[in-house]
Amino acid sequence: MENHYDFQSIEKKWRAEWEKNPINKEDDVKPRYYCLDMFPYPSGVGLHVGHWRGYVLSDVVSRYKVLQGYQVLHPMGWDAFGLPAENFAIKNNVHPSVAVKNNVANVKRQLHEISAIYDWDREVNTTDPSYYKWTQWIFLQMYKMGLAYEKEMPLNWCPKCKCVLANEEATGGVCERCGSVVTKKNLRQWMLKITAYADRLLEGLDRLDWPEKVKKMQSDWIGKSYGAEINFKVVDSEEAITVYTTRPDTLHGCTFMVLAPEYKGLDKIVTADQKEAVDKYCFDASTKSSVDRMTNKEKTGVFTGAYATNPVNGKQIPIWVADYVLADYGTGAVMCVPAHDERDYEFATKFQLPIIPVIRPFDAEEDPTECYTGDGIMINSGDWNGMKAFEAKKAVPDMLDKMGIGKKTVNYKLRDWVFSRQRYWGEPIPIIHCEKCGVVPVPEEDLPVVLPDVESYKPTETGESPLAHIDSWVNTTCPCCGGPAKRETNTMPQWAGSSWYFLRYVDNHNDKEFASQEALKKWMPVDLYVGGIEHAVLHLLYARFYTKVLYDCGVVPFDEPFKKLFNQGMITKFDPTTGKSAKMSKSVGNVVSPDDLTRKYGCDSLRMYELFVGPPEVDCDWDDSGIDGVYRYLNKVWKFFATYKDQCIAPTKEMEYLRNKLIKDITDRMEALTMNTVISGFMEYTNKIIDLTKKQGGVDRQTLETMIILLAPYTPHIAEELWHEMGHTASVFEEKWPEYDPSKLVQDTVEIALQVNGKLRGTMEIAMNEDKDSVLTRAKELLESKFEGKSVVKEIYVPNKIANFIVK
RNA sequence: GCGGCUGUGGCGGAACUGGCAGACGCAUCAGACUCAAAAUCUGACGCUGGUGACAGCGUGUGGGUUCGAGUCCCACCAGCCGCACCA
């Protein structure tokens, strides 16, 4: 055994050996653990040190579970449809599938450098027809269930990507992918009725071991609110307007009403003399971008000339039109209570509409003069006077129901999912349009509908897919009547393939079904899902939705796919010129490649350093220089073994304590997924073990072997090498994760802190659980000089920890 | 604007249920080895005062609870993230 650490030959040797003899063999007797990474987009840029972080983390957990006796599913695949490959194809005039193939080969080569225990036999690629056949099949099931439907409506349109966006992809009015300001375009598109699952998507969150932040983001996105619908009659008209409100308690304070510019039936309400003004206002609103409508908070509006009757007090209130009311939320009509709603207050102030307070704060003497949104006592509200507002809020809907003027109802912010895209590189939507039969789904036996080759991948301005120009593909026969028909030319969004890929891994070679019930039962749901937080309301919401749909189809036996979620923090790079940290990207030119680091320090060092840089869920600036620390550590371990492994002594009591404490601390921290403290723990205990070894002139074999096994998930190559150096012929991963003996953790003596008036004035060694009086007496003697002649008025003793004397 | 998270040495960060703040590592400095450098090893390393043992201060700021607060409570400041007129 050499006296230095030759990581190059060690890593090469064991990587080849594990290739031949995988360490995570199929074994149906063992309990199972499914550890999943968010599968990557095979980008041409390749992996940087930020990608490693999540992959190393999940691999450490996977190897830890292997050592704990689990059979682990740790697969990898490619989310390969989507715009980057397509844009690359347009620019370089190569087929996207060729670019994907090259990129997959390159990224796969880089992934091998991590030495993760991926089961490559289970690899999936969303762009393989054998994969997207099932993506299309799932769409057909949704169509059959009435969950996929076509609708024409104003949609988010990204002028740069030249394609529609789902609401989730257009938050803040900008394109999630390219950052362009989104415009509205009226198009007929395929939609998925995710709103039908709003309640279940909300309720299911309670059962998940996910970061609270992500659960909150999803629940805010779903945005459930409780309230009432209330009917108002339009004065001198047959028309009626139904509003949605979460504050029915304030109904008596409603002094006007506002309709969205896109309100259906607006024409029938507007009076002749106001028609021109209203039409102009509505036209102007329609040309405003959603960003303008969102950021320009100055209220605008126009009077319709019409009045409605407040159903509880008969008062006539003016009906206005204003773009601060959204057409697609609630009923598109709002009852306005300026005394108790900030927006209505602003509007009323601007247009000099009456403000009537109907709630007085509990502690107030007088009625509020400004907008007040809190709880209080009802006033100016007829029969409701004297009620508590927030109690009235709950009681009023039922009262309105009995009076026949309203009803209790709930609303959601969640909208249906715009599912079609006007681009080439995606799954064709398996639908045929027949003049005679209308919309006809492609029969399941005709799947997959293969994406045809096309001359130009370029998207169009009109919202038409490039596929529309391939006559030979578009023109087909109707499966229903046999007559001429046309294929749907839109493709699915990139999210389609990623919404169910975790199901395919469990049975990826199955050509009869997307996965067998048996395999699904065996592996699903995923035990640990590791990935970035950027998918909090995109992929993660969609995947939950798909799972629930498939559950309702009876093809999966669970309705939540991911039991535990872990979001690893992003690795950023600090830029001294701007003083800020930025995400690593090729265009910024701040990418740190793992290749140079593995060449210089080895895979084991980089794996360890990736997790040592900080808490794994926290973002972190990359700094190469710290890797020296872990490299030195591994060399220290190597030298320690080289020096002592061949002259082991019998275990000593002190070493037994250290060994058991090491096992306990590492295991506890491992379970908490605080890998940075696991590694500092390794370093701390290794230092202690080495010191003790030097002191007692040797170390026992069990301590050495325990160290190797505990290190193995982090630094598998050096661990395997040391394990074999210890004389073993089987892999270290055949071993069992060690358990500690609590009785060995009890020490005879312990050092306690001594305080005078809460200030540290010394320490003292005592026997474990020594009698209180004995401790205090000895402590007082020790502290005599610190009392400065004052007398002790109080003694506080926390057993085995601290003694504090209060003197006066 | 609303909501959430975070704030500890020169730096990354430790500190389980309130109990010796700064573990572990990086950087720096000193020493050893060397003709020299690198590597390695040993030691120092929060700030202030003192030759010194020691003393005072110290976890964003200001209050509070407690024998005792990085940790709990209140108010504020700064940074990051999410949502953005959802009635």
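Order of the sequence lines sets the chain letters (A, B, ...), proteins ahead of strands, with each chain counted from 1. Remember, it's a predicted structure, so these values are computed and weren't measured experimentally.
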For A/F347, does the six-membered ring have the charged nitrogen or CZ of A/K299 within the cation-pi criterion, i.e. under 6.0 angstrom from the centroid and within 45° of the normal? no
Could A/K636 and A/Y633 be counted as a cation-pi pair, given that NZ or CZ must be under 6.0 Å from the ring centre and within 45° of the axis? no
Could you check whether A/V334 gets within reach of a base, just the sugar-phosphate, or nothing at all, counting any heavy atom under 4.0 Å? base
For RNA chain B, the residues among residues 794-802 of chain A that have a non-hydrogen atom under 4.0 Å from it: A/K794, A/I796, A/V798, A/K801, A/I802
Enumerate the residues from residues 614-625 of chain A whose closest heavy atom to RNA chain B is under 4.0 Å, giving them by residue number; use none for an empty result. A/P615, A/S625
How many Å lie between [atom1] on [X] and [atom2] on [N], as a whole number?
X      : N     : atom1 : atom2 : result
A/Y226 : B/A87 : OH    : P     : 13 Å
A/D344 : B/A87 : CG    : C1'   : 7 Å
A/E229 : B/A87 : CD    : P     : 13 Å
A/N676 : B/A14 : CG    : P     : 5 Å
A/N804 : B/C20 : CG    : C1'   : 12 Å
A/E342 : B/G3  : CD    : P     : 12 Å
A/N635 : B/G25 : CG    : P     : 14 Å
A/D668 : B/A14 : CG    : P     : 17 Å

Does [X] put a side-chain nitrogen or oxygen below 4.0 Å from OP1 or OP2 of [N]?
X      : N     : result
A/T677 : B/C24 : no
A/N687 : B/G25 : yes
A/N757 : B/C67 : no
A/Y329 : B/A87 : yes

Which is more 5' along RNA chain B, the nucleotide nearest A/K413 or the one nearest A/R632? Just name the residue. A/R632
How do A/M335 and A/S680 order along RNA chain B: which one's closest nucleotide is nearer the 5' end? A/S680
What nucleotide among B/C24, B/C20, B/C83 has an atom nearest to a side-chain atom of A/W221? B/C83
Which nucleotide in B/A84, B/C20, B/G25 has an atom nearest any side-chain atom of A/T171: B/A84
Side chains of A/Y609 and A/D624 only: does a donor on one sit below 3.5 Å from an acceptor on the other? no
Dot-bracket encoding per residue of RNA chain B, Watson-Crick/G-U cut-off under 3.5 Å, | denoting interstrand: (((((((..(((......[....))).(((((.......))))).((((....))))..(((((..]....))))))))))))....
A/D596 meets the salt bridge (Lys or Arg N to Asp or Glu O under 4.0 Å) criterion, sequence neighbours left out, with A/R599
Taking salt bridge (Lys or Arg N to Asp or Glu O under 4.0 Å) as the definition, give me every residue that meets it alongside A/K350, ordered by chain and number, with sequence neighbours left out. A/E298
Is B/G9 syn or anti, taking syn as a glycosidic angle within 90° of 0? syn
In terms of ring plane angle, is the pair A/Y244 and A/Y329 parallel, tilted or perpendicular, where the classes change at 30° and 60°? perpendicular
Is there any protein nitrogen or oxygen under 3.5 Å from a nitrogen or oxygen in nucleotides 57-60 of chain B, and what are the pairs?
unit_1, atom_1, unit_2, atom_2, d
B/C57, OP2, A/K759, NZ, 3.4

